[in-house]
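The structure under discussion appears below in the form of structure tokens.
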Amino acid sequence: MADSPTFADWAKLAARELRDTPVEALNRDYGGLAVRPLYLPGDAPDPGLPGVAPYTRGVRATMYANRPWTIRQYAGFSTARESNDFYRKNLAAGQKGLSVAFDLATHRGYDSDHPRVTGDVGMAGVAIDSVEDMKLLFDGIPLDRMSVSMTMNGAVLPVLAMFVVAAEEQGVRQAALEGTIQNDILKEFMVRNTYIYPPEPSMRIVGDIIAYTAEHMPKFNSISISGYHMHEAGATAVQELGYTLADGRDYVRAAMARGLDIDAFAGRLSFFFGIGMNVFLEVAKLRAARTLWSEIMTGLGAKDPRSKMLRTHCQTSGVSLTEQDPHNNIVRTTIEALAAVLGGTQSLHTNSFDEAIALPTEFSARIARNTQLILQHESHVTDVVDPLGGSYYIEALTADLVAHARALLADVDAEGGMTRAVQSGGPKAEIEKAAALRQARVDRGEDVIVGVNRYRLEAEQPIPVREVDNARVRDEQMARLAELRRSRDAGRVEAALGALAAAARGDGNLLLASIDAARARATLGEISAALEAVFGRHAAITRVISGVYGESYRGDPQYDQMQRRLAAFAARQQRPPALFIAKMGQDGHDRGAKVIASAFADLGFTVHMGDLFETAPEVATHVAELGVDAVGVSSLAAGHKTLVPELIAELAARGLGDVTVIVGGVIPPEDYPFLRDAGVAEIFGPGTNVLEAAAAVLDRIEGRLSNR
């Protein structure tokens, strides 16, 4: 063998052990990346030093050897008072920063008494209707000494305004506030869907917040550019990386177009990535992100090194959590947390093991938080700066990710930037294709999920879950709103909302005007409505991809058998079985619904996909007009106990009580009897095999037709 061994030399040695398996068969496709089983010195480019551009090895020279990452736990539920109690306990137990989850009514700009949000109030986050709620949320938490991250995009103006006013009334100056507002609206149009206004005025809001905070809140991060929600929607690592950085580039360009100097604001931009189970790919993704952001910002004219540093928060993957054998999720979260740390994150949230079932309990949240404490204090991963730096594999994988994401960025630029690409729907469609392919691999057993498609338990033991009483929370919030409206100065509120609308029609800073409205005690819904009257409310066009799932199953006996069953049904009934898929309430997470729609359509069902954010009467109207056999409700935000019975009652009132109702999503097993008693025929939780679900739905439809 030569002094410098090659891959071919290794292949000769490996062939003796592999017998009938060629070395080429060991190559893996990582969403477009070809990964081989051995890396050598010539494959590893020099990554440079930590703290030195392009910051591949970290944005600070000493990284965790000097200061570990910040432990943040994303949390919020029910009322502000209950969330405040939860926050204070976590802070006392070692959490270092707050990361606030708001309910979907708040995200979508509705007060808790709005008729469209009956099933959403307090369910997937905390309900915030006014400054009084925000003050209660941070009661006893000094905002001049606590870094606060808020995941908010659609109703970003009233939420940030109310945070500023709550701090003022604590005696805290705006200039002293530290933390982050997500303010990443482009991602919402691609995957998460908690938008309110159309893209162009939404981008104006982003720019106004960047401009205001640069002048008045110098310690506050004005935007957190999020790849996490793309990750959750099924994006590959290359897609998450490329599209997230393309979003960031558009935000910088939008701020510069307003006349802002890039170095006056770019140092306060931050990022947010999801971390999945492919450990080394996730490590390389964070390294590639820093490399590319430095390159992008240099190209845009940044001179200050801080403008070129990509600082990021990370969260362990929600989509990797399983409802089946959920204690396995503790192991998954630990692995993902380690990957985030080895990749150099600045702060981290670790998911609780029960989040594929319900909101986390105090018990599960403590395990999630302690996972980070153990990593910091017991694992010794903080002893050495970038311990994986120089690994042949890591450096080659980082370089490959950089090259592929750079090509994706060039494609987006050719479309005229990410704002235009989002409006065309291209990135959304590509992510949905990736999600469908991933689901097909899991269903076929090509991607092993322990406890789901292999090593399943014969019987699952129930685990305690947190349950929020939606009706109680909504009643409490409605009472607080009524008292607020009774006690405030109505004339002052009207004047402030009028000034906000005038700023929207003109060129006034919308955050400044929103802060004035919040001081006057205008509600979140009133501020949002004043802007909606000028900008309008965005309505997405629902599209369902086709062919991806079917192509993945080409030649599969089980798939072919299911298609034959559907063809026989169509021959008997003179039509295929028809399914309407509904997203009710303000839950915009549509990955599961889109995957089911794509897979069922490829099998041979006639699939109708409803619009996002519909009410039970609206869904019932579609069911009546289309004459479908079944309606499938996708629920990921805990509104099922309110919204599904409403739908079943609506169907019955219209003489459609025999239509089969199925429910899929994050449903605690304890709620199954309630839903079945209400009339639900089938319930499919996370990890359900799509072919098995299709067979069960067809069984129900055939049984209903035979009983007529």
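For the single chain, residues carry numbers from 1 onward in sequence order.
- Closest approach of Leu409 and Leu245 over heavy atoms only: CD2-C, 4.0 Å.
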Discussion item. Would Met63 and Gln346 count as a side chain to side chain contact (heavy atoms under 4.5 Å, CB included) here? Give the steps.
Written reply: CA-CA 9 Å; Met63 288 300 289; Gln346 276 61 65; 3.9 Å; yes
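- Relative to the six-membered ring of Tyr110, Arg116 misses at least one condition, a distance below 6.0 Å or an angle of at most 45° to the axis.
- When each of Ile262, Leu292, Leu310 is paired with Met297, the side-chain contact (heavy atoms from CB on, under 4.5 Å) condition holds for Ile262 and for no other.
- Ring pair His313/Phe272 is tilted by interplanar angle, where 30° to 60° counts as tilted.
- Looking at heavy atoms from C-beta onward, Tyr87 lies in side-chain contact with Val100 at the 4.5 angstrom threshold.
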Worksheet item: Would Ile185 and Ile205 count as a side chain to side chain contact (heavy atoms under 4.5 Å, CB included) if you check the C-alpha gap in whole Å, the side-chain angles of each, and the deciding distance to 0.1 Å?
Response: CA-CA 9 Å; Ile185 200 63; Ile205 290 169; over 6 Å; no
Practice prompt. Carefully, step by step, assess Asp208 and Arg258 under the rule side chain to side chain contact (heavy atoms under 4.5 Å, CB included).
Written response: CA-CA 9 Å; Asp208 279 5; Arg258 301 170 62 87; 2.4 Å; yes
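- Taken to the nearest 0.5 Å, the CD atom of Gln182 stands 6.0 Å off from the CZ atom of Arg192.
- Defined by atom type and a distance below 3.5 Å, a donor-acceptor pair is missing between the side-chain atoms of Asp247 and Thr244.
- Two residues are said to be in side-chain contact when any heavy atoms from C-beta on lie closer than 4.5 Å; Glu415 and Val412 fail this criterion.
- Leu104 has its side chain out of reach of Met123: every pair of non-hydrogen atoms, C-beta onward, lies at least 4.5 Å apart.
- Side-chain atoms of Ser224 never come within 3.5 Å of backbone atoms of Leu269 as a donor-acceptor pair (strictly under, hydrogens ignored).
- Annotation: the span from His216 atom NE2 to Asn509 atom CG amounts to 7.5 Å, rounded to 0.5 Å.
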Practice prompt. Decide yes or no on side chain to side chain contact (heavy atoms under 4.5 Å, CB included) for Asp400 and His404, but give the supporting numbers first.
Written response: CA-CA 6 Å; Asp400 208 9; His404 280 73; 3.2 Å; yes
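- Going from atom CG of Leu157 over to atom CG of Asn183 covers 8.0 Å, rounded to the nearest 0.5 Å.
- Rounding to the nearest 0.5 Å places CG of Asp120 at 5.5 Å from CD of Gln586.
- When only modelled atom types and interatomic distance are considered, Asp129 and Gln477 share a side-chain donor-acceptor pair under 3.5 Å.
- At a threshold of 4.5 Å between non-hydrogen side-chain atoms, the residues Leu136 and Asn84 do not count as touching.
- Counting only heavy atoms from C-beta outward, the side chains of Thr194 and Met152 never approach each other to under 4.5 Å.
- Using a 30° and 60° split on the angle between ring planes, Phe163 and Phe220 fall in the tilted class, from 30° to 60°.
- Side-chain atoms of Lys285 do not come within 3.5 Å of backbone N or O of Ile275 as any donor-acceptor pair.
- Checked by atom type and distance alone, the side chain of Ser294 never pairs as donor or acceptor with a backbone atom of Thr291 at under 3.5 Å.
- Donor-acceptor pairing under 3.5 Å is recorded for the side chains of Thr350 and Gln372.
- With hydrogens and angles left out, the side-chain atoms of Glu432 and Ser598 include no donor and acceptor closer than 3.5 Å.
- Below 30°, between 30° and 60°, or above 60°: for Phe273 and Phe271 the angle between ring planes is below 30°, a parallel geometry.
- The backbone N or O of Ile210 lies less than 3.5 Å from no partner atom in the side chain of Arg268, so there is not a single donor-acceptor pair.
- Aromatic ring pairs are classed by plane angle as parallel below 30°, tilted from 30° to 60° and perpendicular above 60°; the pair His231 and Tyr228 is parallel.
- Checked options Asp261, Thr298, Asp263; the residue passing with Ser307 is Asp263 (criterion: side chain to side chain donor-acceptor pair (under 3.5 Å)).
- Taking each heavy atom of Val148 and Met150 in turn, the nearest pair found is CG1-CG, 4.0 Å.
- Looking at Asp250 and Thr419, their side chains do bring a donor and an acceptor atom within 3.5 Å of each other.
- A distance-only check finds a donor-acceptor pair linking the side chain of Glu240 to the backbone of Gly274 [under 3.5 Å].
- Between Glu355 and Asn329, the side chains place no donor N or O within less than 3.5 Å of an acceptor N or O (distance only, hydrogens not considered).
- With a 4.5 Å cut-off on side-chain heavy atoms, Met134 and Val159 count as touching.
- In this model, a donor atom of one side chain and an acceptor atom of the other lie less than 3.5 Å apart for Arg72 and Ser147.
- Inter-residue side-chain proximity for Glu430 and Tyr243 is flagged as met; some heavy-atom pair is nearer than 4.5 Å.
- Annotation: Arg306, atom CZ; neighbour count of heavy atoms from other residues, nucleotides and ligands within 6.0 Å does not exceed 12.
- Salt bridge present: Arg249 and Asp413 bring a charged side-chain N and a carboxylate O closer than 4.0 Å.
- Distance check, rounded to the nearest 0.5 Å: CG of Leu241 to CG of Leu408 gives 8.5 Å.
- A donor-acceptor contact shorter than 3.5 Å links the side chain of Ser317 to the backbone of Ser320.
- Panel note: side chain Asp587, backbone Leu636; a donor-acceptor pair is recorded below 3.5 Å.
- The two residues Ser112 and Ala127 have their closest heavy-atom pair at OG-CB, 4.0 Å.
- Closest heavy-atom contact between Ser352 and Ala368: OG-CB, 3.8 Å.
- Gln239 approaches Ala434 most closely through the heavy-atom pair OE1-CB, 3.6 Å.
- Ser78 places no side-chain N or O within donor-acceptor distance of the main-chain N or O of Gly122, the cut-off being under 3.5 Å.
- Taking CD1 from Ile71 and OG from Ser99, the interatomic distance works out to 13.5 Å, rounded to the nearest 0.5 Å.
- At least one donor-acceptor pair closer than 3.5 Å links the side chain of Glu232 to the backbone N or O of Gly318.
- At least one donor-acceptor pair closer than 3.5 Å links the side chain of Glu282 to the backbone N or O of Gly276.
- Remark: the Thr523 side chain and the Asp111 side chain contain an N/O donor-acceptor pair separated by less than 3.5 Å.
- Between Leu524 and Ile128, the shortest heavy-atom contact is CD1-O, 3.8 Å.
- Between Tyr251 and Met203, some side-chain heavy-atom pair lies under the 4.5 Å cut-off.
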